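Structure, as structure tokens:
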Amino acid sequence: MKQNLNIYNSLTGKKEEFTPLNDGFVGLYVCGPTVYSNVHLGNCRTFISFDVVYRYLKYIGYKVRYVRNITDVGHLVDDADEGEDKIAKKARLEQLEPMEIVQAYTIDFHNVLQKFNNIPPNIEPTATGHIIEQIEMVKAIIEKGFGYESNGSVYFDVEKYNESHPYGELSGRKIEDLLSNTRDLDGQSEKRAPLDFALWKNASDEHLMKWPSPWGIGFPGWHLECSAMSTKYLGKQFDIHGGGMDLKFPHHECEIAQGTSANGTSPVKYWMHGNMLTLNGKKMSKSTGNSILPEELFSGDNDFMEKAFDPMVVRFFMMQAHYRSNLDFTSDALLAAEKGFNKLMEALSTLEKLKATKDSSTDVTALVNEFHNAMNDDFNAPTLVANLFEAVKFINSVNDNTATISKDDLALLTKEMNGFIVDVLGISLQISSSDDKLAPVMDLVLDLRQEARTNKDWTTSDKIRDGLAAAGIVVKDSKEGTSWK
RNA sequence: GGUCUCUUGGCCGAGUGGCUAGGCAGUGGUCUGCAAAACCAUCUACGGCGGUUCGAAUCCGCCAGAGACCUCCA
């Protein structure tokens, strides 16, 4: 487990050696989706990035409690006082119960992530299931003097908090700058100051999702659920909190303020933020039509990609970029990734067939150590992939008898190649097309073709090959015989 | 307007003060009846202008361009 893992901490802007609060255990919280529409590809990238973080922590021996919430109370669309709840709005438009909306999109979310081979979190709490905890947290914040009630709503007093704590420390903002940039649209605002944010909102009669509270009927503020649920399941302070870049401000900043004022301690030791994803160089946006859903990518039913892509290819493609970098989705890039992916998979099956000899012609231990070094350096999956391809080259060389591998090294390499590809990167191996009924048919067909080839009947053999190709089956001739795929 | 980040070869994308990232494409080769596939080898680089340094693509400054956040957003 002693791996000298380094994590880039958004709070300090530096890579820091990871030391868990409790030796051997890691608390990991990731901000989940608001389930009011289909999960989009950008969301998936964040969750896949943190899936790899979770997987690697486990791989190096930590016991991890991974918590990722489902936001099933819609955040408000507009400014606090004018806004509309996204889920409530959608429910009204579609004439459904809000919980029908939530249920439908939660299922979609789980389905998509499963296709991407994400491991489900250990706890997936919902905001509506933790209203009591949220109310208790609001009470605590008021008690500590950082929250105030106004007309049935409760707000967080940012300026008061800033007197004793640096509000803006995560996003590098200063309260003066924020103030000078605040848009003037209040008027009848219940807030004392424009930077204050809602902890609890008074609900109007038409509002669909609401609960009783000490301040009247209402619903929790947008930032509160994460604070309440992370505290409940991971404690007042925990190790890693992740999420997309776009949540840094104000969401995570508010979480720090809420946690610090309610619990007396900064809630998170290591903040991690994944970067955004673009489509053809531009931000994904539903309004401009520059957007693609995972299902559309898998089915090929979209205007952006030349063909359909397997979820594992998409995942592999994402692994070729660092989680803190932007990643641009283009047809060409996916196509290139698909070929690389196939090469890697091919090598993995070649590895199983390798024959060990007395010595290894290369330092396999060093090769494998590089896998760890890559991931220990702030989960650098792209460097890991590069290192895996170094191993691929070696595997192929052994297969071509231009390199050798010892029995022990072969065992080590097999274990670690599979470990890093399957367990860490989360690339599930393709179930080879061993269709029970097709396989014997193919054996027969290829046998006939081989007969034709032996008889130098090229017309027949090529006809079989072309016919199969038309059916999407690629025939591969090699020294060992003919295979198909 | 404010805060911050980024700018790498035909494409995607790591990384680093002096030593090959990697993948895809291209080129050459091995294999093959011919192909395909596979494998091997190999070319093209660090936005512009200054500065620091023995040496910078890597550090600093300026300029240009892109993006994120400032308002719900992974």
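Every heavy atom of this structure was used, including side-chain atoms; hydrogens, water molecules and symmetry mates were not. What you see is a predicted model; the values in this text were computed from it and never measured. To find a chain, count down the sequence lines: A is the first, B the second, and so on, and within it residues start at 1.
- Residue contacts shown for A:T278 are absent, as no nucleic acid heavy atom lies under 4.0 Å away.
- Ring-centre distance between A:H273 and A:H252: below the 6.0 Å cut-off.
- For the pair A:W271 CH2 and B:C4 P, the computed distance is 20 Å after rounding to whole Å.
- One donor-acceptor pair, N or O on each side, does fall under 3.5 Å between the base of B:A35 and the side chain of A:R465.
- The side chain of A:L327 approaches B:G13 more closely than any other nucleotide in the set B:G13, B:U32, B:A74.
- Within 4.0 Å of A:D477, counting heavy atoms only, lies at least one base atom of the nucleic acid.
- When both distances must be under 3.5 Å, the Watson-Crick or G-U wobble mate of B:G1 is B:C70.
- Listed nucleotides: B:A74, B:C40, B:A14. Nearest to the side chain of A:S397: B:C40.
- Residue pairs meeting the side-chain hydrogen bond (donor to acceptor under 3.5 Å, both in side chains) criterion with at least one member in residues 380-393 of chain A, sequence neighbours excluded, are A:N380-A:T383.
- Figure legend: A:R173 and A:F249 shown as a cation-pi pair, the cationic atom lying under 6.0 angstrom from the six-membered ring centre and within 45 degrees of its axis.
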(message) I'd like to compare against my own output: the B/S/- annotation of nucleotides 20-27 of chain B with a strict under-4.0 Å heavy-atom distance to protein.
(response) -BSSSS--
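- The P atoms of B:A36 and B:G28 are separated by 13 Å, rounded to the nearest whole Å.
- At a threshold of 4.0 angstrom between heavy atoms, the contacts of A:V475 include nucleobase atoms, whether or not backbone atoms are also involved.
- When each of B:G33, B:C40, B:A14 is scored by its nearest atom to the side-chain atoms of A:S461, the top-ranked nucleotide is B:G33.
- Each of A:C44 and A:F394 was matched to the nucleotide of RNA chain B holding its nearest heavy atom; the match closer to the 5' end belongs to A:F394.
- Only the P atoms considered, B:G18 is 25 Å distant from B:G13, to the nearest whole Å.
- Here B:G65 sits opposite B:C6 as a Watson-Crick or G-U wobble pair (both hydrogen-bonding atom distances under 3.5 Å).
- The listed nucleotides are B:C39, B:U32, B:C73; the one nearest the side chain of A:D400 is B:C39.
- Of all the heavy atoms in A:L413 and A:A391, the pair that sits closest is CD1-CB, 4.4 Å.
- As rounded to whole Å, 13 Å separates atom P of B:C39 from atom CE of A:M345.
- Of the nucleotides present, B:U30 is the one that pairs with B:A38 by Watson-Crick or G-U wobble criteria, both distances under 3.5 Å.
- The backbone N or O of A:Y8 sits nowhere less than 3.5 Å from a side-chain atom of A:E16 that would complete a donor-acceptor pair.
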(request) Kindly determine whether A:N118 and A:R315 satisfy side-chain hydrogen bond (donor to acceptor under 3.5 Å, both in side chains), including the steps that lead there. (result) CA-CA 10 Å; A:N118 269 24; A:R315 185 174 176 114; 2.8 Å; yes
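- Between A:Y29 and A:D239, the side chains place no donor N or O within less than 3.5 Å of an acceptor N or O (distance only, hydrogens not considered).
- Between A:R192 and A:E159, no side-chain nitrogen of the basic residue sits less than 4.0 Å from a carboxylate oxygen of the acidic one, so the salt-bridge criterion is not met.
- Closest contact between the side chain of A:A333 and the listed nucleotides B:C39, B:C12, B:G33 involves B:C12.
- Contacts of A:N399 with the nucleic acid, taken as non-hydrogen atoms under 4.0 Å apart, are absent.
- Comparing atom distances between the A:H322 side chain and each of B:C34, B:A74, B:A14 picks out B:A14 as nearest.
- Spacing between B:A14 and B:G51 at atom P, rounded to whole Å, works out to 32 Å.
- In the set B:A74, B:C69, B:G33, B:A74 carries the atom at the smallest distance from any side-chain atom of A:T34.
- Ionic pairing of A:R68 and A:D51 is not present here: no N-O contact between side-chain nitrogen and carboxylate oxygen is shorter than 4.0 angstrom.
- A straight line from NZ of A:K89 to P of B:C73 spans 15 Å, rounded to a whole angstrom.
- Residue A:L277 places its side chain closer to B:A74 than to any other of B:G67, B:A74, B:A35.
- No engagement by A:R45 is indicated, since no non-hydrogen atom pair under 4.0 Å with the nucleic acid exists.
- Checking B:C12, B:C40, B:U32 against the side-chain heavy atoms of A:F317 singles out B:C12 as nearest.
- Under the Watson-Crick or G-U wobble criterion, with both distances below 3.5 Å, B:A56 has no partner in any strand shown.
- Between A:F47 and B:A74, no base-stacking contact is recorded for ring centres under 5.5 Å apart and planes less than 30° from parallel.
- Spacing between B:A57 and B:A21 at atom P, rounded to whole Å, works out to 15 Å.
- Base pairing of B:A25 is not made with any nucleotide, judged by Watson-Crick or G-U wobble geometry with both donor-acceptor distances under 3.5 Å.
- Comment: A:K343 does not engage A:E338 in a salt bridge, judged by the lack of any side-chain N to carboxylate O separation of less than 4.0 angstrom.
- Atom CG in A:L344 sits roughly 11 Å away from atom P in B:C39 (whole-Å rounding).
- With both ends at atom C1', the span from B:U7 to B:G26 equals 25 Å, rounded to whole Å.
- Spacing between B:G61 and B:G23 at atom P, rounded to whole Å, works out to 36 Å.
- Taking atom C1' in both B:G9 and B:U5, the straight-line distance is 23 Å, to the nearest Å.
- Atom CG of A:D462 and atom P of B:A36 are 12 Å apart (whole Å).
- Rounded to whole Å, atom P of B:U5 lies 17 Å from atom CG of A:D246.
- If you take CG of A:L170 and P of B:C70, they are 13 Å apart, rounded to a whole angstrom.
- A salt bridge is absent between A:R449 and A:D462; no separation between the charged side-chain nitrogens and carboxylate oxygens falls under 4.0 Å.
- A 3.5 Å limit on both hydrogen-bonding distances identifies no Watson-Crick or G-U partner for B:U16.
- Under 4.0 angstrom from either OP1 or OP2 of B:G15 there lies at least one side-chain N or O belonging to A:N380.
- Spacing between atom CZ of A:R173 and atom P of B:U71 amounts to 8 Å, rounded to whole angstrom units.
- Residue-level contact check: A:G243 touches the backbone only, with heavy atoms under 4.0 Å from sugar-phosphate atoms and none from bases.
- Using C1' as the reference atom, B:G15 and B:C6 are 15 Å apart when rounded to the nearest Å.
- For B:A45, there is no paired base (Watson-Crick or G-U wobble, both distances below 3.5 Å).
- Of the listed nucleotides (B:A68, B:C73, B:G33), B:A68 has the atom at the smallest distance from the side chain of A:M276.
- Put simply, A:S325 has a side-chain N or O that comes within less than 4.0 Å of OP1 or OP2 on B:A14.
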